[in-house]
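The structure under discussion appears below in the form of structure tokens.
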Amino acid sequence: MKMKRTLTMLTTVIAAGALLSGCSAGASEEDANTLKLWHFEGEDSAMGIAWDEAIKTFEKETGAKVEFEAKSFEQIRSTASQVLNSNEAPDILEYNKGNATAGLLASQGLLTPIDDAVEEYGWADKLAPSLQTTARYDDKGVMGSGSWYGIPNYGEFVEVYYNKDMFAKYGIAVPTTYDEFEAALQTFVDNGVTPLAEAGAEYPIGQLWYQLALSKGDRDFVDDYQLYKNPVDWQGPELSYASEKLAEYVDKGYISKDVTGIKAEDMGVSFMSGQYPMMVSGSWWYGRVINEATGFDWGTFLFPGSEMAPGSSGNLWVVPENAANKDLAYKFIDITMRPEIQALIGNNGGVPVAANTEDITDPKSQELIANFNTLTERDGLAFYPDWPTSTFYDQIVAATQELLNGSTTPEEMNTTLGDEYESGVADITGE
């Protein structure tokens, strides 16, 4: 079964060659004073700004040089198995967390177990339990237990962005319960306004569906769904409620009937241009909303009536098994966990995991981080709906599109997704 799982993630040798083209040819001897680092964050993003400063600190304190190569997310995702299995592997890179990504590489022996470094540097003390889940993997690549294979230094989560001007225009207060949230949705509809910016062609609608399930779920539900601790009841109260509510959102006009053809970028732009009063999506939009939603006052709140939300650690710093300079990699990771680097993440629209509260001075960032801290303090990070298997993202998109266009019922959708989920999990666990 593991072979089947491996094959689903491999791409062509040609694709791997494209990624390697930016590296030195041949098996030349590595410079012991050079740290080869790859990541895919934009230089103006919160992480890009913070990590650039971390590079400067690292070079100053160690006397070593950083050989940084910017790679796209897709470059790294699609060719990691080949590249990390070669002598061209970097010493450290940013990699996506979860069973189908970091877990897969860990199960293939391509990542270094970093338990000793975690103990030496005390990283576990800086990460909440739900953040640690995505950093540890067992021998099958299932997150949540086993050795440490990566360290996150930022977090992410889904919340509600709202247009304060539109709320004020229609006399709507920020909802604190789910009933109040639905009442707000209905008030907008009654006034001819579609309340929720959404995207059914990509991830956002699946995250809304999962958020609705979480409003009826608890940590046991999440552990069963994400960590395979017990069978998931796809006709149970959590998932039945979510699918029925999602269909209802279209029927009542809470989201557009055209949502199935809308992509995430279009959703975000429509909210930031003031067309919709609300958007349920991730903290990764925060910096852009600050910069682009300049025509109205806005804010955020956690999804009402739910103790949990989609979210997790951010992507991981991982150290390839073939890395030449692992000790340098650990030193760099530790620098990114320092308060001054964490503060840069926090004050530039990111969500730091180990910042000092007093170091965050931007009011919008304070609000974002306060919401994240509320979730972590109540163990409310519930990961993402597509994480359980490597094919579940596309399957959720297809299933929710059929539900929203009326070609399937909530019960039928859950039956289909349940079958696909169980097949994918069996491939991973061998059971």
Side-chain angles (χ1 to χ4, degrees), residues 35 37-62 66 68 92-97 102 114 117-136 148 150-157 159 282-291 300 311-319 328-377 379-381:
L35 177 73
L37 183 153
W38 295 355
H39 73 67
F40 46 77
E41 304 293 341
E43 65 177 319
D44 294 329
S45 69
M47 279 65 73
I49 291 168
W51 296 347
D52 184 59
E53 186 63 28
I55 288 172
K56 295 175 184 176
T57 301
F58 173 87
E59 290 184 332
K60 180 179 179 180
E61 292 186 1
T62 66
V66 174
F68 167 60
I92 183 174
L93 75 155
E94 178 187 13
Y95 199 67
N96 199 14
K97 68 280 180 190
I114 59 172
V118 170
E119 183 175 356
E120 178 183 352
Y121 288 101
W123 294 328
D125 295 334
K126 298 182 178 181
L127 296 170
S130 55
L131 297 176
Q132 294 183 24
T133 299
T134 56
R136 301 177 62 194
W148 290 74
I151 295 294
N153 61 21
Y154 68 99
E156 58 186 41
F157 66 105
E159 60 181 344
S283 55
W284 48 87
W285 287 103
Y286 214 81
R288 280 191 65 184
V289 177
I290 289 173
N291 292 326
T300 59
S312 72
S313 76
N315 293 317
L316 306 174
W317 287 124
V318 299
V319 179
L328 290 181
Y330 304 146
K331 290 178 182 177
F332 180 79
I333 291 172
D334 193 56
I335 289 172
T336 69
M337 298 293 281
R338 291 182 183 176
E340 63 270 24
I341 302 300
Q342 290 283 296
L344 281 174
I345 293 175
N347 283 313
N348 285 282
V351 182
V353 296
N356 293 329
T357 304
E358 61 271 17
D359 292 337
I360 309 302
T361 57
D362 176 73
K364 288 290 189 188
S365 295
Q366 289 172 344
E367 179 181 76
L368 173 73
I369 294 166
N371 286 344
F372 181 74
N373 289 343
T374 296
L375 279 176
T376 57
E377 287 165 6
D379 191 28
L381 294 177

Test item: side-chain donor near acceptor, Thr134 and Ser312, under 3.5 Å: no
Salt-bridge criterion met for Lys60 and Glu53 (N-O under 4.0 Å): no
Pair Val353-Lys126, side chain to side chain contact (heavy atoms under 4.5 Å, CB included): steps then yes or no: CA-CA 7 Å; Val353 296; Lys126 298 182 178 181; 6.0 Å; no
Aromatic ring pairing Phe372/Phe157, orientation class (parallel under 30°, perpendicular over 60°, tilted between): tilted
Phe332 and Ile55, any side-chain heavy atoms less than 4.5 Å apart: yes
Pairwise distance OG(Ser45) to OH(Tyr154) - rounded to 0.5 angstrom: 8.5 Å
Pairing of Lys97 and Glu156 as salt bridge, 4.0 angstrom limit: yes
Evaluation steps, side chain to side chain contact (heavy atoms under 4.5 Å, CB included), between Asp334 and Glu120: CA-CA 10 Å; Asp334 193 56; Glu120 178 183 352; over 6 Å; no
Whether His39 and Trp317 hold their rings parallel, tilted or perpendicular, with breakpoints at 30° and 60°: perpendicular
Flag, side chain of Gln342 to backbone of Ala354, donor-acceptor distance under 3.5 Å: yes
Close side-chain approach of Gln132 to Trp148, heavy-atom, < 4.5 Å: yes
OG1 on Thr336 to CD1 on Ile151, rounded to 0.5 Å: 8.5 Å
Trace of the side chain to side chain contact (heavy atoms under 4.5 Å, CB included) decision for Leu368 with Glu159: CA-CA 9 Å; Leu368 173 73; Glu159 60 181 344; 3.4 Å; yes
